[in-house]
Amino acid sequence: MDWLDLLWHVAGFVAPALVLAPAMVLASRFWGKKAASLAWPAQAAINFIVCVAVLAAGVVLSGHDGRMLTYAALVLASAACQAWLTRRR
């Protein structure tokens, strides 16, 4: 595998996290309170880190990428992280 293939594999791996993290912040702006202490890019970055960690844990635990259980855990972890970010002072 050359460097370009590795880049595409990593990009495909983190793509769900890259889409879900800012979408979760945007959705919380419409349905919840805004977090007073953090700007939206910081919230998206924290959500992105949590999402990538969940995806990595899914690969380690199941042995494969793209399992539906991993994606369900991804959504739940991102929602819990965003709820924590909007409720903290």
Original post:
When hydrophobic residues are tied together by side-chain contacts of less than 4.5 Å, even through go-betweens, does L7 share a cluster with L18?
Top reply: no
Counting only pairs under 3.5 Å, give me each side-chain donor-acceptor contact of residues 49-66, with atom names and distances, residues two or more places apart or in other chains.
{"unit_1": "S62", "atom_1": "OG", "unit_2": "G58", "atom_2": "O", "d": "2.6"}
{"unit_1": "S62", "atom_1": "OG", "unit_2": "H64", "atom_2": "N", "d": "3.3"}
{"unit_1": "S62", "atom_1": "OG", "unit_2": "H64", "atom_2": "O", "d": "3.0"}
{"unit_1": "H64", "atom_1": "NE2", "unit_2": "R67", "atom_2": "NH2", "d": "3.4"}

Original post:
Among pairs that include at least one residue of residues 7-26, which meet side-chain hydrogen bond (donor to acceptor under 3.5 Å, both in side chains), considering only residues two or more places apart or in two chains?
Top reply: none
**OP:** With sequence neighbours left out, write down each residue that passes side-chain contact (heavy atoms from CB on, under 4.5 Å) with L6, or none if nothing qualifies.
**Re:** M1, W3, V10
**OP:** Hey, could you give me each pair passing side-chain hydrogen bond (donor to acceptor under 3.5 Å, both in side chains) that has a residue in residues 46-61? Not counting sequence neighbours.
**Re:** N47-Q82
**OP:** Look up atom CG in L69 and atom CG in L74, then write down how far apart they are to the nearest 0.5 Å.
**Re:** 11.5 Å
Original post:
How many angstroms lie between CE in M24 and OG1 in T86, if you round to the nearest 0.5 Å?
Top reply: 11.0 Å
**OP:** Look at the side chain of S78 and the backbone N and O of V75, then say whether any donor-acceptor pair between them is shorter than 3.5 Å.
**Re:** no
**OP:** Report whether Y71 and F13 are members of the same hydrophobic cluster (ILVMFWY, side-chain heavy atoms less than 4.5 Å apart, transitive linking).
**Re:** yes
**OP:** Would you indicate whether the side-chain heavy atoms of C81 and L85 approach each other to under 4.5 Å?
**Re:** yes
Original post:
Using a side-chain heavy atom cutoff under 4.5 Å and only I, L, V, M, F, W and Y, what cluster partners does V25 have?
Top reply: W40
